[in-house]
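Both ligands and their constituent atoms are indexed starting at 1 by order of listing.
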Amino acid sequence: MMNEGLTRYVWWQEGIIYQIYPRSFQDSNGDGIGDLQGVLQRLNYLSALGITAVWLSPIYPSPMADFGYDIADYQGVHPLFGSLNDFDALIEAIHQRGMKLILDLVPNHTSDQHPWFLESRSSRDNPKRDWYIWQDKLPDGSPPNNWLSVFGGNAWEWDETTGQFYYHAFLKEQPDLNWRNPEVQEAMLNVMRFWLDKGVDGFRVDVMWHLIKDKNLRDNPVNPDYQPHMATYDQLLPVYSTDQPEVHDLVRQMRHVLDGYTDRLLIGEIYLPIHQLVTYYGIDGKGAHLPFNFQLLTLPWEARQLATAIDQYEGLLPANGWPNWVLGNHDQPRITSRIGREQARVAALMLLTLRGTPTIYYGEEIGMQDVPIPFDEVQDPQGLNMPDKNLSRDPVRTPMQWDDSPNAGFTEGKPWLRLARNFSRENVERQQQDPYSMLSFYKRLIKLRQQEPSLMVGDYVPVYASEQVLGYMRQFDGQPRFLVLLNLSHRPCYLTLNDSSINGVVVLATAPEWEGNRVTNSISLGGDDGLLIRLD
Ligand code: NOJ
């Protein structure tokens, strides 16, 4: 970690987060679904990889309409994943290894089977009626406004018993809570306290920008840029249903709860343009510590565009706002499938050398690809609801490929989702034996990053951007500086950096033949080359 005498940084600034989708990581009881015991069995793998924090996607009791993002009890563990005892054992084992545990918190909506909603829908005068967003129909019988569900169709569901509509940004089985109600706020803050008391080191807050909606529920405007291949949700611009000014007060309340404990982390899942995203750091930095920065997975893989986006982000970050970078998650195509195997190495080098906390999605480190799931095996509601749009998230959620034994060492039963066809060639065990594998590359990269203050916490200095190449420097007072050169194309290219004093040694490269070579300011790169250069 940091050398003595340097400023102290907190664990999540120095660290590397690893997202586990628990269903798909490791099954320990043969039911074909990953579980907490399974995660426990694989902790040594994670600590050898060098990651420092584990984020678990939801493990709570749930009818699984949206694979755990529909929660029926915020303070328990789904029997599929284990028990609270298993959870306690897991957190203890994680802490023993010097790692941290981050839980997914899903405060925007519950399951329609949550006791709160069962009460709320039971009658109009139930004390929990106002915990959800209930509205009368319009005089012509239609829903209260034009809002759409992210998963397709209208966002309002008619409830026959009580004769009103309720709002659901996602599935109708995921009714949105009414965050304007202080009782809801208090209930969710208590959920946070419950897990913090158990020693959880932080939360990744699901759809943070959705939490509160326009008070008057005004119609969303039409999106003039909508194209038929897009999700139906994109027909409108969600300006009244998301990112409302009042959300910042809620985030501040969450942060306040965390600040009552030592060194806990608040991450927000937020898909917004950068200038809106950075407002989630909060006034005086009292909002989220890390509003997830998804630029690397939403922008085209193009050197100039990315260079500009990185600079914009660096420039817009508030004072003391700490950056972060993400290449993939359980909702987005895997990086290897989006930009190809060779570029995925370049992407890894970028993720782990940009300034800020990196988040790795399980399997990224072995270059896992999206797995085609035959139509009759599709399970993701987003895929099932919009079958013609290729939006199923199943392909990015397939079981981790550990070895070449049946079912890749993931389960002794039948995996809940089919495995990649090539798992006997592409798996952890094989890659561990190959010094040039993606896994070996990740390991060396992580190790270097964690040893070098410039890479871990140093400043970001833009150096070069062309059609093909992105170049930047990382530097920290009195420490060796590093130059990163990334060819984001498959074609060779020549470049000359303005600074003619540049001189250094390649310490790590996507193509190992580069390593140990000296470079100056005039360089020719091969296609897909990424170089990490220690400057003299
Ligand atoms: C965002 C989560 O990442 C996604 O998987 C889920 O479907 C929605 N939120 C709804 O909770």
List of N/O pairs, ligand 1 versus protein, all under 3.5 Å?
from     : atom 1 : to     : atom 2 : distance (Å)
ligand 1 : 3 (O)  : Arg204 : NH2    : 3.0
ligand 1 : 3 (O)  : His330 : NE2    : 2.8
ligand 1 : 3 (O)  : Asp331 : OD2    : 2.4
ligand 1 : 5 (O)  : His330 : NE2    : 2.9
ligand 1 : 5 (O)  : Asp331 : OD1    : 2.7
ligand 1 : 5 (O)  : Asp331 : OD2    : 3.4
ligand 1 : 5 (O)  : Arg393 : NH1    : 3.3
ligand 1 : 7 (O)  : Asp66  : OD1    : 3.4
ligand 1 : 7 (O)  : Asp66  : OD2    : 2.5
ligand 1 : 7 (O)  : Arg393 : NH1    : 2.9
ligand 1 : 9 (N)  : Asp206 : OD1    : 2.9
ligand 1 : 9 (N)  : Asp206 : OD2    : 3.1
ligand 1 : 11 (O) : His109 : NE2    : 2.9
ligand 1 : 11 (O) : Asp206 : OD2    : 2.8

Side-chain H-bond candidate by donor/acceptor type, [X] with [Y], under 3.5 Å:
X      : Y      : answer
Gln164 : Asp159 : no
Gln369 : Arg341 : yes
Gln26  : Trp402 : yes

Distance under 6.0 Å and angle within 45° of ring axis: Arg23 vs Trp416 = yes
task = Taking the six-membered ring of Tyr442 (Phe, Tyr or Trp), confirm whether the NZ or CZ of Arg449 is under 6.0 Å from its centre and within 45° of its axis.
result = no
Salt bridge Asp176-Lys213, side-chain N to carboxylate O under 4.0 Å = yes
